[in-house]
There are 2 protein chains.
Amino acid sequence: MGVAEQEFPGFSGGLGRRVPELGALELLLAVARLGSLGRAARELGITQPAASSRIRSMERQLGVALVDRSPTGSRLTDAGALVTDWAQRIVEAAEAFDAGAQALRDRRDSRLRVAASMTIAEYLLPGWLIALRAQRPDTAVSLLAGNSAVVAERLLADEADLGFVEGLSVPTGLDSAVIAHDRLIVVTAPGHPWARRRRPLAAAELASTPLILREKGSGTRQVLDAALGGLARPLIELSSTTAVKASVVSGAGPAVLSELALGEELSARRLVSVPVADVRLSRALRAVWPAGHRPAGPARDLLSLTVASGG
Amino acid sequence: MGVAEQEFPGFSGGLGRRVPELGALELLLAVARLGSLGRAARELGITQPAASSRIRSMERQLGVALVDRSPTGSRLTDAGALVTDWAQRIVEAAEAFDAGAQALRDRRDSRLRVAASMTIAEYLLPGWLIALRAQRPDTAVSLLAGNSAVVAERLLADEADLGFVEGLSVPTGLDSAVIAHDRLIVVTAPGHPWARRRRPLAAAELASTPLILREKGSGTRQVLDAALGGLARPLIELSSTTAVKASVVSGAGPAVLSELALGEELSARRLVSVPVADVRLSRALRAVWPAGHRPAGPARDLLSLTVASGG
DNA sequence: CCTGCACATAGAGTGGGCTTATGGGCGTGG
DNA sequence: CCACGCCCATAAGCCCACTCTATGTGCAGG
């Protein structure tokens, strides 16, 4: 205190300062849906003055009026409608987070035990869990993430009811159903020389270039090594897909990532995909279960969700 | 106080209780990227004990260990890597929110003034603004949302530098470039009878069924009315896309929404799309500017981003 | 005109998160 | 081999933000 406050201009620091908290965003959504501060407050279990003040401080924070208050209720302003829709995206991501986190925690006393590979657990499972909760609200799910071998082991030891793997082959002793296909994509920052290539990259060139990689043992890396017919050369090894993406965006070098991981980054041109020629960077995503034991009960419910939504 | 606490079981209430705040998630991402609590703390401008305590309370809240601490640094646990990736999605949505909100506020002294239709402002513009900020960090952007007429008026009055419209035709006096196409999709909750239809819906049937709609004047609604060759019948009229989606999910009835609005809901099966037969529910999304005045400077930068990323 | 619902304001209490100050492991280089 | 760097943890105090209760004002409808 007393010393001047510091601003970190370019870097993303301080998002928490400029974006309202999740509770405030939820409140805004409730106001939009119910048309009244008081009703929204009641739904969230807080008092009307608390809601009033919270919306007001959000308006101060954003510098924009969000709701038109009147003695007959509250409606969104034009800006408020926009903000509400942007808030909705945050809340949806938060719901996925919540569904996933709850499954990581439950562990015991859960009626459906899922074992899944990282990529599937990261990008697909939360959505499935939300859908499952909508259908069967009382199904407690637990989630264990690991590679194909771990998934197989759990299933065969009857410590999991349903598994998901992304390998090239199905572990022995398991039956499977393909639920989707996943492509791996070579990406760079927009400034990288590869970003302007028109002619596809050759496998040899990819193999001889140092890449930003997940650590050894990651499914993505195994597929990459197999496709290159050798080992990829690491420029750095990082512990999460997130860290890899951040590193690529900041221009450290190219990486190979699942298309599932790249939605926003590609369409907003924060990352650029590089065409690749003679390499097969595709893999099937499969649901698996012990051979002969067709999934039943909650496992069957989840399985039917995944095959339905697979593309 | 004193009285028993209430839980709202089925309803989404209390997300803010179960999901860490944005600041905590940002911190977790920084730890993942930098490999140390202390470094992450420094990057976010807080002290090391603050970071330590914040991560710890997040672990308590989630009931899962997220980082392995050691005297040489901190690495994510397996669960931590998962949580970090889920957190990344939230933070990305928050960055889009921030980019949009900042543009809503700036209004004056901005070097690039954009006027856009609702759908574009809601779903595409935030991503563009993030990409633009990456290229030209010093470009202050202001955003005004309105229908085609408003956009045209602003451009012709030289109160905006670049516009985006989603109508069927281009307002007179403006030049334009198509940047993408948007389809409107009929959606219902999974339980609705239409969800199980195989044979496409006829236009007449759609026109005679009460729908959940945005208010009159919305671009989406105009296109729908035009496609139906008459007026859609409202079941309810709501003030934001968000409210419409929530209403459909809760089973109130069918709605017609832009595919841009439906990513997560469709793939997670919270909503189901209904095939439609003899109706043309597609429209071009266009960038527009005053006839003869080709965009230059920041407007040109933004325009080139949008045509590049359009589908 | 009075009742009901809408929102606003005022003042008090509380807790979460921050800071400073300290202490204990592990590595590294003189 | 010791000392200095980095890493993390704990303790104690401060402070702000959010909450609640209690009240006031405006509009609609019987």
Side-chain angles (χ1 to χ4, degrees), chain A residues 1-6 13-28 30-62 65-77 80 239, chain B residues 1-6 13-28 30-62 65-77 80 239:
Chain A
M1 293 241 21
V3 188
E5 306 236 336
Q6 304 205 40
L15 248 184
R17 290 268 147 54
R18 295 192 303 268
V19 178
E21 300 187 6
L22 285 170
L25 299 178
E26 265 187 298
L27 175 61
L28 180 64
V31 171
R33 186 156 32 88
L34 301 172
S36 137
L37 290 185
R39 260 198 289 276
R42 249 170 285 143
E43 175 169 296
L44 299 187
I46 62 178
T47 60
Q48 172 265 319
S52 178
S53 129
R54 206 150 187 193
I55 294 281
R56 190 170 295 283
S57 71
M58 184 160 38
E59 289 176 317
R60 230 179 316 118
Q61 179 181 18
L62 299 179
L66 300 175
V67 304
D68 268 336
R69 296 137 168 97
S70 88
T72 71
S74 291
R75 290 192 59 265
L76 294 175
T77 61
S239 58
Chain B
M1 300 223 14
V3 188
E5 306 236 336
Q6 302 207 40
L15 246 184
R17 290 269 146 54
R18 293 191 304 269
V19 178
E21 301 186 7
L22 284 170
L25 299 178
E26 264 187 299
L27 175 61
L28 180 64
V31 171
R33 186 156 31 87
L34 301 173
S36 138
L37 290 185
R39 261 199 288 274
R42 249 169 286 143
E43 176 169 297
L44 299 188
I46 62 178
T47 60
Q48 173 265 318
S52 179
S53 128
R54 214 159 177 182
I55 294 282
R56 190 170 294 284
S57 72
M58 185 162 35
E59 289 177 317
R60 230 182 315 119
Q61 180 181 19
L62 299 178
L66 299 175
V67 304
D68 268 335
R69 296 136 167 97
S70 89
T72 70
S74 291
R75 292 191 59 265
L76 294 175
T77 61
S239 58

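Given the structure is predicted, the values throughout are model-derived calculations rather than measurements. Throughout, a chain's letter reflects where its sequence line sits, starting with A, and its residues are numbered from 1. Excluded from the calculations below are hydrogen atoms, water molecules and symmetry mates; all remaining heavy atoms, backbone and side chain alike, are included.
Taking A:T72 as the reference, A:S70 meet the side chain to side chain donor-acceptor pair (under 3.5 Å) condition, with sequence neighbours excluded.
Residues A:G73 and A:P49 each lie close to DNA chain C; by heavy-atom proximity, the contact nearer the 5' end of the strand is made by A:G73.
Applying the 4.0 Å criterion to OP1 and OP2 of C:dA6, one finds that A:S74 has every side-chain N and O outside that range. In this model, the phosphate group of D:dA9 is approached by a side-chain N or O of B:R69 to a distance below 4.0 Å at OP1 or OP2.
Judged by distance alone, with hydrogens and angles left aside, the side-chain atoms of B:S74 form no donor-acceptor pair with the main-chain N or O of B:G35 at under 3.5 Å. Panel note: side chain B:E21, backbone A:G23; no donor-acceptor pair is recorded below 3.5 Å. Under the 3.5 Å distance criterion, the side-chain polar atoms of B:R69 are matched with a main-chain donor or acceptor of B:V67. Judged purely by atom type and a 3.5 angstrom limit, A:Q61 uses its side chain to pair as donor or acceptor with the backbone of A:R17.
B:I46 places its CD1 atom 21 Å from the P atom of D:dC14, with the value rounded to the nearest Å. Atom pair A:L25:CG and D:dC18:P shows a separation of 12 Å (rounding to whole Å applied). Rounded to whole Å, the distance from CZ on A:R42 to P on D:dT19 is 17 Å. Remark: P of D:dC8 and CG of B:L34 are 11 Å apart, rounded to the nearest angstrom. Rounded to an integer number of Å, the gap from CZ of A:R39 to P of C:dG4 is 17 Å. Rounded to whole angstrom, the span from the CZ atom of B:R17 across to the P atom of C:dG15 amounts to 13 Å. Atom CG of B:L22 and atom C1' of D:dA17 are 16 Å apart (whole Å).
For the segment residues 52-61 of chain B, the set of residues with a heavy atom within less than 4.0 Å of an atom of DNA chain C comprises B:R54, in numerical order.
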Polar atoms only, N or O, under 3.5 Å: list the protein pairs with nucleotides 26-28 of chain C and their distances.
none

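With C:dG17, C:dT19, C:dA6 as the choices, the nucleotide that has an atom nearest any side-chain atom of A:S36 turns out to be C:dA6.
Using a 4.0 Å cut-off between charged nitrogen and carboxylate oxygen, B:R54 and B:E26 do not count as a salt-bridge pair.
Side chain A:Q48 to base C:dA6: no donor-acceptor pair is found below 3.5 Å.
Closest of all the heavy-atom pairs between B:L37 and B:A51 is O-CB, 4.1 Å. Nearest approach of A:A40 to A:L27, heavy atoms of both residues: CB-CD1, 4.0 Å.
For the atom pair CZ (A:R42) and CG (A:L44), the distance works out to 11.5 Å, reported to the nearest 0.5 Å.
A:A50 comes within 4.0 angstrom of sugar-phosphate atoms only, judged by non-hydrogen atoms across all strands, and of no base.
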